[in-house]
Asker: 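Attaching a single structure in structure tokens format; questions to follow.
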Amino acid sequence: MSLNSKIIFHIMGLLLLCNGAFMLLAALVSGIYSDGATLPISLASITTMFTGTFAMFYTRDHKKEVKRKEGYIIVTFGWLVMSISGMLPYLFSGAIPSVTNAFFETVSGYTTTGASILDDIEVLPKGILFWRSLTHWIGGMGIIVLAIAILPLLGIGGMQLFAAEAPGPNADKLHPRITDTAKRLWFIYLGYTLAETLLLKIAGMSFFDAINHSLATLSTGGFSTKNLSMAYWNDQPLIQYIVILFMFLAGSNFVLSYFAFKGKVQRVLRDEEFKFYAIFILTFTIIAAIVIFLKADVPITEYHPKVLGDGESSFRHALFQVISVITTTGFVTADFTNWTPFLTVFFFGLMFLGGSAGSTSGGIKVMRHVLIIKNGLLEFKRTLHPSAVIPVRYNGKTVKEHIVYNIIAFFVLYMLLFIIGAMVLGALGVDFVTAIGGSASSLGNVGPAFGSLNPVSNFNGLPDLGKWWCGFLMLAGRLELFTVLILLTPYFWKRT
């Protein structure tokens, strides 16, 4: 079976058109604030859209069919094309003149990792800051899902793309037609973004800060407009509680949000993954809050004295950081690597948890952990009763064996790639703590890490090869490993 290369290039062109259109929004913001970046962002937009139009025009006679093999290529290369074109506003404006740094920042944006190479965020033009947050928002639900909503206009079916792009081990469909599923998810995503923006504005944020942090929250990204991230508002608890709420929603399955809006609340409450997701957050928050209350100093802001033994502050910082790390959002209210050695190891472990399947968060995902634990416990029964058929059950239904095998394979592959990732960083001269932190953070799309990559630092100190390697880990983690790694196997490219 030969590849339908024309459809691949045609969709790449479509993605470039979409990306260029989003750049125009950033150029508009730049013009409103007269920050001097309007022309370079506009040139980046025109360049991107012209390239996209050219690609679509010369592949207009493509076969309107996307098979599974083309689907994987389109998803992976689509993210690369988006990231390469997304560098242009940084490069053209001079905000990030280095190609390596611009690519790292852009991949970090689209993969919703939130790791940055910028030493001083607040000096950047408003249009560039908005573009930075917008890359999060585009990547959050998946630019490919956005394209699925447009593909019917071109007469192309999109089920193969959704299977490769949808986060988590399964892709719940809200509607028999995949395009309608994509549209419903995007309406929920947009609605949450607008709601958070409004609430943050009412709570005291400027409109510009509110919209940027909403774009970053719903995408579980973590880019902030402030050097201190959310610690800038440590003396305004309401703002942080609003962000906590929307991080929680963004880390839960968006399909459950749809059911909740339809009045099917019982379906949400009965969902096993949602229950474990909430229990994990509550349990880990209580543990962290007790340790912070008894032993950790948490600054209100860098200009205010530290507090020790403040109950509300301890709970808020614990809840904020637990949700931020579990959902892989990456916002910080303080440098949690200074909250005692126990909490440093504690938060490192949380980096491997991840939010819910069907959410915008990265990581392994709660559903996979639950099924791995269930299968592990059932192995005791199978050992005692080797002839018995004891299936894994989830939400009251039997989970097919091939799904359990897939999840175990994913977990093993994830841990193996984490180890290899840390080894590569170590080979590049990075110290042990920084290497394992950078690998875990990049692969899990978390953002802040440990060592020299701690929450009050950034990734700029990594060698250039280290930045490219972390960019690869971010992409592999965001696209659930198999989608990217399958392209590196020889048999994928064999004609069948």
Side-chain angles (χ1 to χ4, degrees), residues 22-45 83 86-110 112-137 197 200-201 204-217 219 221-236 239 243 299 301-304 330-335 447-449 452-462 464 467 471:
F22 279 116
M23 287 179 199
L24 285 179
L25 280 177
L28 177 63
V29 171
S30 182
I32 291 171
Y33 286 96
S34 303
D35 59 14
T38 309
L39 181 59
I41 297 175
S42 299
L43 285 174
S45 172
S83 297
M87 295 193 299
L88 298 182
Y90 298 127
L91 295 173
F92 286 8
S93 66
I96 306 177
S98 160
V99 171
T100 295
N101 285 348
F103 183 76
F104 181 93
E105 197 79 11
T106 311
V107 169
S108 180
Y110 283 117
T112 71
T113 303
S116 180
I117 49 79
L118 295 167
D119 293 317
D120 191 351
I121 297 164
E122 295 173 35
V123 299
L124 293 179
K126 291 284 199 295
I128 293 296
L129 285 176
F130 183 74
W131 172 244
R132 192 167 167 262
S133 301
L134 204 53
T135 58
H136 268 345
W137 198 76
T197 302
L200 288 176
K201 180 70 177 72
M205 264 194 188
S206 69
F207 177 73
F208 181 76
D209 287 334
I211 184 65
N212 276 272
H213 284 86
S214 297
L215 294 173
T217 303
S219 62
F223 279 156
S224 176
T225 55
K226 304 297 182 185
N227 292 326
L228 291 173
S229 186
M230 288 304 299
Y232 185 87
W233 291 278
N234 274 358
D235 54 350
Q236 293 176 268
I239 286 177
V243 173
T301 72
E302 66 175 355
Y303 310 109
H304 288 70
F331 281 141
V332 293
T333 57
D335 182 0
S452 63
L453 308 177
N454 64 66
V456 296
S457 187
N458 57 49
F459 282 63
N460 197 29
L462 285 180
D464 283 356
K467 292 171 186 173

Asker: Do side-chain atoms of Ser93 reach the backbone of Pro40 as a donor and acceptor pair under 3.5 angstrom?
Answerer: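 No.
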Asker: Are the side chains of Gln236 and Met205 in touch, meaning some heavy atoms are under 4.5 Å apart?
Answerer: no
Asker: Can you tell me if Asn212 uses its side chain to pair, donor with acceptor, with the backbone of Ser133 under 3.5 Å?
Answerer: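 No: the side chain of Asn212 does not pair with the backbone of Ser133.
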Asker: Set out, in order, the CA-CA distance, both residues' side-chain angles and the distance that settles side chain to side chain donor-acceptor pair (under 3.5 Å) for Ser30 and Thr38, then state yes or no.
Answerer: CA-CA 5 Å; Ser30 182; Thr38 309; 3.1 Å; yes
Asker: Which residues satisfy the salt bridge (Lys or Arg N to Asp or Glu O under 4.0 Å) test with Asp209, sequence neighbours excluded?
Answerer: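 Expected list: Lys226.
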Asker: If every non-hydrogen atom of Pro89 is compared with every non-hydrogen atom of Trp131, which pair is closest and at what distance?
Answerer: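 The pair with the smallest heavy-atom distance is CG-NE1, 3.6 Å.
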Asker: Is there a donor-acceptor pair closer than 3.5 Å between any side-chain N or O of Asn227 and the backbone N or O of Ile121?
Answerer: yes
Asker: If I compare all heavy atoms of Phe331 with all of Ser224, which pair ends up nearest, and what's the gap?
Answerer: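 That closest heavy-atom pairing would be CE2-CB, 4.2 Å.
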Asker: Can you find a side-chain donor-acceptor pair between Asn234 and Thr333 that sits under 3.5 Å?
Answerer: no
Asker: Is it the case that Ser108 and Thr113 place a side-chain donor and acceptor less than 3.5 Å from each other?
Answerer: no
Asker: Looking at every non-hydrogen atom in both residues, tell me the closest pair between Phe223 and Gly109 and how far apart they are.
Answerer: CE1-CA, 3.6 Å
Asker: Please give me the minimum heavy-atom distance between Ile239 and Leu200, naming the atom from each residue.
Answerer: O-CD2, 3.8 Å
Asker: Here's a test for you: under side-chain contact (heavy atoms from CB on, under 4.5 Å), which of Asn454, Asn458, Val332, Leu453 qualifies with Pro448?
Answerer: Val332
Asker: Measure the spacing between CZ of Phe103 and CG of Asp464 and express it to the nearest 0.5 Å.
Answerer: 13.0 Å
Asker: So which of Val99, Leu124, Asn101, Thr106 actually passes side-chain contact (heavy atoms from CB on, under 4.5 Å) with Tyr90?
Answerer: Thr106
Asker: Drop me the distance from Ile96's CD1 to Ile117's CD1, to the nearest 0.5 angstrom.
Answerer: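 If I round to the nearest 0.5 Å, the distance is 4.0 Å.
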Asker: Looking at Ser45 and Ile41, would you say the former's side chain and the latter's main chain have a donor-acceptor pair under 3.5 Å?
Answerer: no
Asker: If you take all heavy atoms of Glu122 and Thr225, which pair is closest and at what distance?
Answerer: CG-O, 3.4 Å
Asker: Okay, side chain of Asp335, backbone of Val456: is any donor-acceptor separation there less than 3.5 Å?
Answerer: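 Checked: no pair found.
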Asker: Could you walk me through whether Val243 and Met230 pass side-chain contact (heavy atoms from CB on, under 4.5 Å), step by step?
Answerer: CA-CA 9 Å; Val243 173; Met230 288 304 299; 3.7 Å; yes
Asker: Before you tell me yes or no, could you show the steps for Asn460 and Lys467 under side-chain contact (heavy atoms from CB on, under 4.5 Å), namely the whole-Å CA-CA distance, both residues' side-chain angles and the distance that decides it to 0.1 Å?
Answerer: CA-CA 8 Å; Asn460 197 29; Lys467 292 171 186 173; 3.3 Å; yes
Asker: State whether the side chain of Trp137 and the backbone N or O of Gly221 hold a donor-acceptor pair below 3.5 Å, judged by distance alone.
Answerer: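 No, Trp137 side chain to Gly221 backbone: no donor-acceptor pair under 3.5 Å.
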Asker: side-chain contact (heavy atoms from CB on, under 4.5 Å) for Tyr33 and Phe208? Distances and angles first, verdict last.
Answerer: CA-CA 10 Å; Tyr33 286 96; Phe208 181 76; 3.3 Å; yes
Asker: Using 0.5 Å steps for rounding, measure from the NE2 atom of His213 to the OG atom of Ser229.
Answerer: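 Here the rounded value is 6.0 Å.
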Asker: Output, in order, the C-alpha distance, side-chain angles, deciding distance and verdict of side-chain contact (heavy atoms from CB on, under 4.5 Å) for Phe130 and Leu215.
Answerer: CA-CA 9 Å; Phe130 183 74; Leu215 294 173; 3.8 Å; yes
Asker: Which heavy atom of Leu88 sits nearest to which heavy atom of Ala44, and what is that distance?
Answerer: CB-CB, 3.6 Å
Asker: Quick one: pull up NZ in Lys201 and OG in Ser206 and give me the separation to the nearest 0.5 Å.
Answerer: 7.5 Å
Asker: Let me confirm one number: the OG1-CZ distance from Thr197 to Phe207, rounded to the nearest 0.5 Å.
Answerer: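 CZ of Phe207 is found 6.5 Å from OG1 of Thr197.
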